[in-house]
Amino acid sequence: MSMQPLFNPGFTEVRTRFAPSPTGFLHVGGARSALFNFLFAQKNNGKFILRIEDTDQARSTDESLKMMVSDMTWLGLNWNEGVDPVTLKDIGPYAPYRQSQRLDIYKKVADELLANGKAFYCFMTDAEIDAEREKIKVINQNAHVESPFADWTLAQAEAEMKTSGKKPVVRFKTKHLRKDYILHDLIRGEVKFPSDMVGDFVLLRSDGMPVYNFCCVVDDHMMKISHVLRAEEHLPNTLRQLMIYEAMNWAQPQFGHISLVLDEDRQKLSKRKGAVACDNFRLEGYLPSAMNNFMALMGWSHPEGKEIFDLDEMTQLFSLERLNSSGAVFDRVKLKWTNAQHLRALDDKTLWSMIKTHLDEKGIHYHSDVSWQQKSVEAFKVKMEVLSDAVTLYTNLDDSKFKISDDSKEALSWEPTKKVLAVWKNLIEKHSTESFTEADFINMENTVKAEAQVKGKNLFMPLRIAVIGQPHGTEVKLLVPLMTKKSLLHRVNLVENYILGNIHA
RNA sequence: GUUCCCAUCGUCUAGCGGCCUAGGACACCUCCCUUUCACGGAGGAUACACGAGUUCAAAUCUCGUUGGGAACGCCA
């Protein structure tokens, strides 16, 4: 049995990176790529780098960069080098890690390619390119626009710049590369690209800003990235990148192209069909552990088929061999279930502190008493799938928000209901303390049963409505200990009035 | 259109030539638990896109067809 080397010649340790462009929120698809890079680096005692691809000056914002950083931190995908999560300063041996601050580096590489004839200055205007494109399209769909400047000497181009003042782009010369490029993809196996798949692509824009395919290669090389795990949409880019590696005579990292995350209609996940920003999920009360768990399961599988696990377990078990190559539909229903499982695995104290955050945010009232909080968590734990579900659950405990639901009407119209409520109210009034225990409630319930001569749902539904205003939901014996005598009286009075109002209406 | 990628239950997937009359999970249905709704438990229904090869043997390998997706920018 022969061991496959972990990385290509020229690399000494596993170094992966996630390189978002700060032009919006962190997308779950991106987060999943980040996760796999993080896991692979962790698993192999390597380094995980956060690089910022902000060469699109028009769209990159600081706001977005902060969001990316905080979302990554929230998920627990901690990086070893890159933008510091607190100070936002670049830290690590290969700083700076944002491309807008590495311009001189790209320029130097471009100059080298220019000098040895692997790239050229192109003075074509947008209009000229468009016109040319139209022209050749008629003859051959497959053809690429050919720049008349491809064969100019460097001196010629420099003279032209000087005299005309024109600002050219730098293009990579592909014409002479008539051959197939073979990529040994970690996930897809052998992928063959014909070199005529691409034309002379831009390296440097006319304003000197580098273009993605160029700075990506330069940075991956300079930062000694050993493994590039990225979404499948980048697969066609890889040809351009392979060409640059070859032209610079640089050692290639290993590439792995992960399948796409799709919408229900099997297209690339987009925000038009629901939330896709990590931040939205955080706000709705999804746990980072559940997010990671769920994202991992789109494309990766636990060796024992387990469905619920945390980041540590993933890190222990992660391997590229268990990554599959077909796209995965983002199933929000299963995400919710996954979250519920993680929620229930939490101890009551931790869960309470998370619930509290959501209640505070909405200004929902709760008791400061720790045992009350504990009891409330016990009562509501299995009723929640996401933390924000707590908002409704605890609002139901607020007297000022008490409301009788529409589906209560039927039970309130039953003949024995009036009697049940009367006995119930009487028992509350007679109760000697302000609060009730579970045992108190069970006694009271039995008394109502005997005195009102009712049982089954004729007993239970009216009682629940008198407590919570709804015929279904949390066990009444768990609800009553969360309430006061005053509160229960207030509620039963409202329900009685409601029935009276209905009768006379 | 061109190039590339992909193809197992509705969805996420296991499977890497015989263990597969295809396993698990979500969702769905039935029952149990439960004086409600849930949670939990036990069952059920549902899939190897199609066609040729290779082989004693194919969900697994090869080719083709079909279907889906992505990329074709001075976006990343």
Side-chain angles (χ1 to χ4, degrees), chain A residues 19-23 30 53-56 58-60 99 122 124-126 129 133 137 140-144 167-171 183 185 187-189 191-194 196-199 201-213 215-216 230-240 257 259-260 262 264-268 294 297-308 321-322 324-338 340-341 344 380-385 407 411 445 449 454-461 463-465 470-476:
Chain A
S21 67
T23 54
E53 309 219 328
D54 55 353
T55 55
D56 185 348
R59 297 197 302 145
S60 298
Q99 296 183 327
C122 174
M124 284 179 93
T125 63
D126 284 349
I129 292 170
R133 196 166 278 147
K137 229 162 123 181
N140 180 1
Q141 276 282 356
N142 201 14
H144 304 284
K167 292 205 184 292
V169 299
V170 176
R171 287 184 184 274
L183 171 70
D185 192 275
I187 298 164
R188 269 148 233 283
V191 181
K192 202 197 279 180
F193 302 106
D196 60 1
M197 203 171 132
V198 295
F201 55 94
V202 172
L203 259 22
L204 252 34
R205 299 169 165 102
S206 50
D207 63 1
M209 271 289 170
V211 152
Y212 168 74
N213 282 301
C215 39
C216 179
R230 54 161 49 149
E232 189 197 328
E233 57 192 318
H234 290 286
L235 193 50
N237 282 323
T238 309
L239 171 60
R240 295 184 177 87
H257 287 91
S259 60
L260 255 22
L262 312 170
E264 286 86 341
D265 59 4
R266 303 207 74 89
Q267 309 226 323
K268 206 163 75 163
F294 178 74
L297 252 15
M298 289 187 292
W300 184 77
S301 60
H302 189 288
E304 288 155 33
K306 271 177 77 175
E307 300 281 339
I308 301 298
E321 290 73 51
R322 298 199 67 80
N324 74 13
S325 47
S326 49
V329 172
F330 189 77
D331 182 351
R332 287 155 204 284
V333 176
K334 187 159 184 180
L335 203 215
K336 228 172 202 183
W337 174 83
T338 305
Q341 301 305 308
R344 278 159 211 162
F380 295 144
K381 198 170 194 169
V382 295
K383 298 285 172 185
M384 291 188 292
E385 292 188 297
D407 56 349
E445 177 202 350
K449 188 177 179 176
V454 289
K455 56 180 182 177
K457 68 176 184 179
N458 284 335
L459 170 66
F460 243 77
M461 283 201 175
L463 278 181
R464 177 173 288 102
I465 294 164
Q470 295 162 13
H472 305 294
T474 314
E475 281 189 81
V476 185

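Just so you know, these numbers use all the heavy atoms, side chains as well, and skip hydrogens, waters and symmetry mates.
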Using atom [atom1] in both nucleotides, what's the gap between [N] and [M] to the nearest angstrom?
{"N": "B/rC26", "M": "B/rG1", "atom1": "C1'", "value": "40 Å"}
{"N": "B/rG18", "M": "B/rC61", "atom1": "P", "value": "12 Å"}
{"N": "B/rC50", "M": "B/rG67", "atom1": "C1'", "value": "10 Å"}
{"N": "B/rU60", "M": "B/rG51", "atom1": "P", "value": "12 Å"}
{"N": "B/rU55", "M": "B/rC16", "atom1": "P", "value": "23 Å"}
{"N": "B/rA14", "M": "B/rA7", "atom1": "P", "value": "10 Å"}
{"N": "B/rC63", "M": "B/rU54", "atom1": "P", "value": "15 Å"}
{"N": "B/rA59", "M": "B/rC19", "atom1": "C1'", "value": "14 Å"}

Residue [X], side-chain atoms from C-beta onward, closest of [options]:
{"X": "A/Val382", "options": "B/rA70, B/rC6, B/rC39", "value": "B/rC39"}
{"X": "A/Arg171", "options": "B/rC74, B/rC75, B/rG15", "value": "B/rC74"}
{"X": "A/Arg322", "options": "B/rA7, B/rU36, B/rA14", "value": "B/rA14"}
{"X": "A/Asn324", "options": "B/rC72, B/rU13, B/rC74", "value": "B/rU13"}
{"X": "A/Arg133", "options": "B/rG73, B/rC26, B/rC12", "value": "B/rG73"}
{"X": "A/His472", "options": "B/rC37, B/rG24, B/rC4", "value": "B/rC37"}
{"X": "A/Lys383", "options": "B/rA38, B/rU36, B/rC4", "value": "B/rA38"}
{"X": "A/Arg266", "options": "B/rC75, B/rU11, B/rC74", "value": "B/rU11"}
{"X": "A/Leu459", "options": "B/rC37, B/rA76, B/rU35", "value": "B/rU35"}
{"X": "A/Leu260", "options": "B/rU3, B/rA70, B/rC72", "value": "B/rA70"}

A/Phe460 and A/Lys455: CA distance, side-chain angles, deciding distance, side-chain contact (heavy atoms from CB on, under 4.5 Å) verdict: CA-CA 8 Å; A/Phe460 243 77; A/Lys455 56 180 182 177; over 6 Å; no

Look at the side chain of [X] against the base of [N] and say whether a donor-acceptor pair falls under 3.5 Å; ignore hydrogens and angles.
{"X": "A/Lys334", "N": "B/rA27", "result": "no"}
{"X": "A/Glu307", "N": "B/rG24", "result": "yes"}
{"X": "A/Asn237", "N": "B/rA76", "result": "yes"}
{"X": "A/Lys192", "N": "B/rU3", "result": "no"}
{"X": "A/Ser325", "N": "B/rC6", "result": "no"}

By the 4.0 Å heavy-atom rule, please label [X] as base, sugar-phosphate, or nothing.
{"X": "A/Thr55", "value": "sugar-phosphate"}
{"X": "A/Gly299", "value": "sugar-phosphate"}
{"X": "A/Ile308", "value": "nothing"}
{"X": "A/Lys268", "value": "sugar-phosphate"}
{"X": "A/Lys449", "value": "base"}
{"X": "A/Val333", "value": "sugar-phosphate"}

Watson-Crick or G-U wobble partner of [N], both distances under 3.5 Å:
{"N": "B/rC26", "answer": "B/rG10"}
{"N": "B/rC72", "answer": "B/rG1"}
{"N": "B/rA38", "answer": "none"}
{"N": "B/rU55", "answer": "none"}

Spacing of OG belonging to A/Ser259 relative to CD1 belonging to A/Ile187, to within rounding of 0.5 Å: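 Atom-to-atom, A/Ser259:OG and A/Ile187:CD1 are 7.5 Å apart.
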
Is there side-chain contact between [X] and [Y], with at least one heavy-atom pair below 4.5 Å?
{"X": "A/Gln470", "Y": "A/Ile465", "value": "no"}
{"X": "A/Val202", "Y": "A/Val170", "value": "no"}
{"X": "A/Cys216", "Y": "A/Arg230", "value": "yes"}

Geometric class of the A/Phe330/A/Phe294 ring pair [parallel <30°, tilted 30-60°, perpendicular >60°]: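 Perpendicular.
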
Between P of B/rU11 and CE of A/Met298, the distance in whole Å: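 A/Met298 atom CE is separated from B/rU11 atom P by 15 Å.
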
Distance test, side-chain N/O of A/Ser301 to OP1/OP2 of B/rG24, below 4.0 Å: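 Answer is no, no contact under 4.0 Å.
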
Assigned glycosidic conformation for B/rC39 [threshold 90° from 0]: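 Syn.
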
Residue mapping more 5' on RNA chain B - nearest nucleotide basis, A/Leu297 or A/Glu321: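 The residue mapped nearer the 5' terminus is A/Leu297.
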
Under-4.0 Å salt bridge between A/Glu307 and A/Lys334: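 Judged by the 4.0 Å cut-off on N to carboxylate O distance, A/Glu307 and A/Lys334 do form a salt bridge.
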
Whether A/Arg266 side chain and A/Val329 backbone form a donor-acceptor pair below 3.5 Å: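 It does not hold such a pair.
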
